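Remarks on the structure that follows.
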Amino acid sequence: MAVHSVTKRFGILTAGGDCPGLNAAIRGVCRAAYDRYGMEIVGIANGFRGLIYEDTKELKPEDFSGILTRGGTILGSSREKPFGAADKDEVAHEKVSAIKETYSKLKLDCLVVLGGNGTNTTGYKLYREGLNVIGLPKTIDNDIFGTDRTFGFDSALLIGTEAIDRLHSTAQSHSRVIVIELMGHKAGWLSLYAGVAGGGDVILLPEIPYDIKSIARHLEKRAKSGKTFSIVVVAEGAMSIKEAEMDKKDRKKYRLDNGPSAAYRVAREIQESTGMETRATVLGYVQRGGIPSASDRVLATSFGTAAAELLANGKYGRMVALTGTDINSVDLSVPEGKVKNVPTDHYMIDTAKAVGTCVGD
Ligand code: F6P
């Protein structure tokens, strides 16, 4: 017997970069909403694009059963930004109007959006336009303001750590410096945690522009102490002090001239500064694929069922969040337009330094 719920019918979409745990979260929302409250559920394809072009499907229990351990998202995703700067105002206006039209045509009481900073920001803007919206924070980057952790992060941390472990043996066999690039365009959480977990000798974050001389000194000191190899963990958004001083346009040109990937730029600079044989590896989308870790399955399911409670109580305009060990929610305005960067005084940076890791400063 379904318990009373303010929300009778809602739409659900996944947008932005995918990550392990998305399907676990979808399952959490849908099973709780359907089994406990008898809500009707509309799946929206490929992020906000599905709302703009009315690409939707009524979801039944068989659609959200057996997906807990599946990677990716059964709904598909896109980086469609209806309010996006890329679109001229009139195009953006048309897209937002189309979204509002589909929302009312589908007779939705609420829209549940699973995504990163951009997705929850778009969700908040739609909320301000009069739609009921609830956000769930997901990303391997763990850079969403308002929540202590996002699902996707732990799975990517496991993948990154395993890759670093594997690189130790080949670096040792060839007495090389190996540079591995992990995802994290704006925030370095993944590189910091995987670097500590994998015993990286150098960890470079977007938040701490690096001095190649400091890195060279550290690697040479290791060599002098008899270490025949080193592992350098680089976030894709890491940059040198010189790059950090450039404006966006000059930095873009610099990267076009010097290799678009941080790992290859750092590897070349290390080889030029120290003469040590250096190789680079970019882990890329491997970090976003495959089945979710147990921790991500638990967090994603908890976020999903918490979203179902917000739906049942009509608590719209909220984003589900983890605070310490508690699952709660914050105003959907909290993550808007922000990135949760690694504070330069974060204890994990000191932990890394305390075990002899160079962070490029
Ligand atoms: O947002 C997560 C993320 O994986 C970032 O770490 C990465 O820079 C970006 O997505 C890649 O975006 P795309 O999937 O659009 O290439």
Side-chain angles (χ1 to χ4, degrees), residues 13-23 25 45-50 71-73 75-82 84-87 113-123 135-147 149-161 163-164 180-195 203-207 233-239 243 248 251-252 255 259-266 280-293 296 299-300 303 319 335-342:
L13 65 82
T14 53
D18 72 328
C19 72
L22 269 173
N23 285 323
N46 305 319
F48 295 99
R49 201 172 291 160
T73 159
L75 298 174
S77 186
S78 73
R79 286 196 183 275
E80 177 69 53
K81 290 187 170 55
D87 288 323
V113 300
L114 286 74
N117 289 305
T119 303
N120 282 286
T121 294
T122 299
L136 271 83
K138 68 91 198 142
T139 173
I140 66 167
D141 295 350
N142 193 35
D143 63 354
I144 298 181
F145 225 79
T147 182
R149 192 154 55 87
T150 58
F151 60 84
F153 176 68
D154 184 66
S155 302
L157 177 55
L158 286 171
I159 296 165
T161 303
I164 293 168
I180 177 170
E181 179 180 312
L182 300 183
M183 283 188 157
H185 194 58
K186 297 194 179 101
W189 295 103
L190 192 49
S191 294
L192 178 56
Y193 277 65
I203 301 175
L204 303 179
L205 310 176
E207 293 88 349
V233 182
V234 178
E236 68 178 314
M239 62 184 86
E243 280 181 85
K248 238 175 170 177
R251 190 178 304 145
K252 196 169 175 195
R255 289 177 171 178
S261 154
Y264 286 88
R265 292 196 298 274
V266 170
T281 293
V282 178
L283 201 51
Y285 294 89
V286 170
Q287 298 161 87
R288 294 209 331 227
I291 65 168
S293 68
D296 271 346
L299 185 59
F303 276 5
M319 180 183 80
E336 189 195 13
K338 299 190 194 82
V339 172
K340 188 184 73 180
N341 282 108
V342 178

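Below, each value reflects all heavy atoms present in this structure, side chains not excepted, and no hydrogens, waters or symmetry copies. This one's a predicted model, so the numbers in the text were calculated from it and none came from an experiment. Both ligands and their constituent atoms are indexed starting at 1 by order of listing.
A salt bridge is defined here as a Lys NZ or Arg NE, NH1 or NH2 lying under 4.0 Å from an Asp or Glu carboxylate O, and Lys340 with Asp143 fails to meet this definition.
Arg255 pairs by the salt bridge (charged side-chain N to carboxylate O under 4.0 Å, His left out) definition with Glu243, not counting sequence neighbours. Scanning for salt bridge (charged side-chain N to carboxylate O under 4.0 Å, His left out) contacts around Asp154 gives an empty result, with sequence neighbours left out. When the ring pair (Phe, Tyr, Trp, His ring centres under 6.0 Å) test is applied to Tyr193, the partners found at least two apart in sequence or on another chain are Phe153.
The backbone N or O of Val233 sits nowhere less than 3.5 Å from a side-chain atom of Ser191 that would complete a donor-acceptor pair.
Contact residues of ligand 1 (protein heavy atom closer than 4.0 angstrom to a ligand atom; sorted by chain and number): Arg79, Thr139, Ile140, Asp141, Met183, Gly184, His185, Glu236, Tyr285, Arg288.
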Please step through side chain to side chain donor-acceptor pair (under 3.5 Å) for the pair Asp296 and Ser155, ending with a clear verdict. CA-CA 7 Å; Asp296 271 346; Ser155 302; 2.6 Å; yes

